[in-house]
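Input: a single structure, listed below in structure tokens.
We use all heavy atoms of the structure for the numbers below, so side chains are in, but hydrogens, waters and symmetry mates are not. Atoms within a ligand are numbered from 1 in the order they appear, just like the ligands themselves.
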Amino acid sequence: MIFPQGEHERQQQIKFEAKHIASVSLDYFFEAPSMADSNLAYLSFLLLLLLPLSLFLFLYLILRPRPVRIPIKNRHVFITGGSSGIGLALAHQVASEGARVSILARSLDKLEEAKQAIQLATGIEAAVFAADVRDYDAISRAVEKAGPIDVLIVNQGVFVPQELERQELDEVRFMLDVNLMGTFNMIKAALPAMKLHRRDRGPASIALMSSQAGQVGIYGYTAYSASKFGLRGLAEALQQEVIADDIHVSLIFPPDTDTPGLVEENKRRPQLTSIIAASSGVMKADEVAKRALSGIKSGRFIIPCNFEGLLLSIATAGFSPQRSFLMAFVEVVAAGIIRFVTLCFQWNWYGSIEKWHAQIKRT
Ligand SMILES: NC(=O)C1=CN([C@@H]2O[C@H](COP(=O)(O)OP(=O)(O)OC[C@H]3O[C@@H](n4cnc5c(N)ncnc54)[C@H](OP(=O)(O)O)[C@@H]3O)[C@@H](O)[C@H]2O)C=CC1
Ligand SMILES: CCCCCCCCCCCCCCCC(=O)[C@@H](N)CO
């Protein structure tokens, strides 16, 4: 090809420029990597910071129901099963924080004893009501006599562990009746007066005593776990129904707790129940009451009582309401890894069950 004068130089010039551009961009990738690296590091740093921050902000904006504080001082706190164990410890604590306390249980003797102990320790005179939560009329009368309730703690509970195959249906029914049906009775009886003039009386609370065996099924607890899992369905649905009345529902999940009830239970607890339950430590009733009360005051829906309980709540967060955006954040971020941890626990538990059966065969 014959180029006119000057055209040749122009072509050379273009070739030169093309080469130059190519070498510069190659330089960019191969010969000057430090600049690319620092850009990349800067970008990932920004993402690493921005992603959690925006998740945080997002959760903060959308979480419902909103956070709430439930006052205890000068309020009427009604505690079922308040004559023994965790319920009694709760009665002591709310009395010492200046609440008006009512306790309900079956045995009047135990109630009177509890009343004296509370008066001695706090100077507060608790009102006592002898009634069985299975008897709706009896507890309706008690609630009416006690007057409108601000904080209702439904804590009564019975536990008779046994393999289902060896347990009489009467015992199954007994646990479901007292733990689950008794809780329905209590709430039905107390709710109308709790709603009355709520706006002038400040936010109210209904707290239900479940158990870690109400978050995960445990050997020997078919009936007990069913009754405590049932409370969760009740609580989740109820919270939606009473939120407009400024009533806030809490579920408390203690591990094994040193109480007269546990002493009785231990007399007949299957060995495997104890082995599996030992995955979470034993707590003092006072300690459980302290955690429970602080959870109620900050309007927590799920209230764990120890570290294992905290893990368990994250693992079983499911579809439950969450008012704390910090906890919501942890739940979202930890979901995968915590599922992994639960599978490791199952591996360990099923190992214990296998070992136990092998041992029985040998003897
Ligand atoms: N201790 C533990 O290891 C754990 C306990 N929990 C739960 O905590 C709650 C309290 O347990 P804890 O303190 O150990 O129990 P206790 O056995 O020490 O006390 C139970 C209380 O409930 C009352 N009660 C029992 N049945 C009835 C009834 N039918 N009607 C009215 N009151 C009743 C009892 O009084 P009376 O007998 O006079 O009626 C007593 O005041 C229960 O719901 C239990 O399931 C959860 C996890 C662990
Ligand atoms: C994600 C990791 C979780 C790890 C911890 C899991 C531990 C589960 C242990 C469950 C113990 C249940 C005790 C029930 C006590 C009770 O209710 C009876 N004493 C009757 O009152």
Starting from [atom], what is the nearest protein heavy atom, named by residue and atom, and what distance separates them?
atom: atom 38 (O) of ligand 1; value: Ser107 N, 2.9 Å
atom: atom 14 (O) of ligand 1; value: Thr259 OG1, 2.5 Å
atom: atom 18 (C) of ligand 2; value: Tyr221 OH, 3.1 Å
atom: atom 31 (C) of ligand 1; value: Ala131 O, 3.5 Å
atom: atom 41 (O) of ligand 1; value: Ser83 OG, 2.8 Å
atom: atom 3 (O) of ligand 1; value: Thr257 N, 2.8 Å
atom: atom 32 (N) of ligand 1; value: Ala105 CA, 3.5 Å
atom: atom 18 (O) of ligand 1; value: Ser84 OG, 2.7 Å

Contact check: Pro254 vs ligand 1, nitrogen or oxygen atoms, below 3.5 angstrom:
no
Sub-3.5 Å N/O-N/O distance, Val133 and ligand 1:
yes
Please classify the [X] to ligand 2 contact at 4.0 Å (heavy-atom distances, strictly less than): side chain, backbone, both or neither.
X: Ile218; result: side chain
X: Leu262; result: side chain
X: Glu265; result: side chain

Can you tell me if [X] contacts ligand 1 (heavy atom of the residue under 4.0 Å from the ligand)?
X: Pro255; value: yes
X: Ala130; value: no
X: Ala285; value: no
X: Gly182; value: no
X: Val178; value: yes
X: Gln212; value: no
X: Tyr224; value: yes

[options]: member with heavy atom nearest to [atom]:
atom: atom 2 (C) of ligand 2; options: Ile314, Leu311, Thr257; result: Leu311
atom: atom 17 (O) of ligand 1; options: Cys305, Gly87, Gly261; result: Gly261
atom: atom 15 (C) of ligand 2; options: Asn179, Thr316, Asp256; result: Asp256

Distance filter under 4.0 Å to Tyr224 heavy atoms, resulting ligand 2 atoms:
16 (C), 17 (O), 20 (C), 21 (O)
Electrostatic pair Asp132:Arg134 at N-O distance under 4.0 angstrom
yes
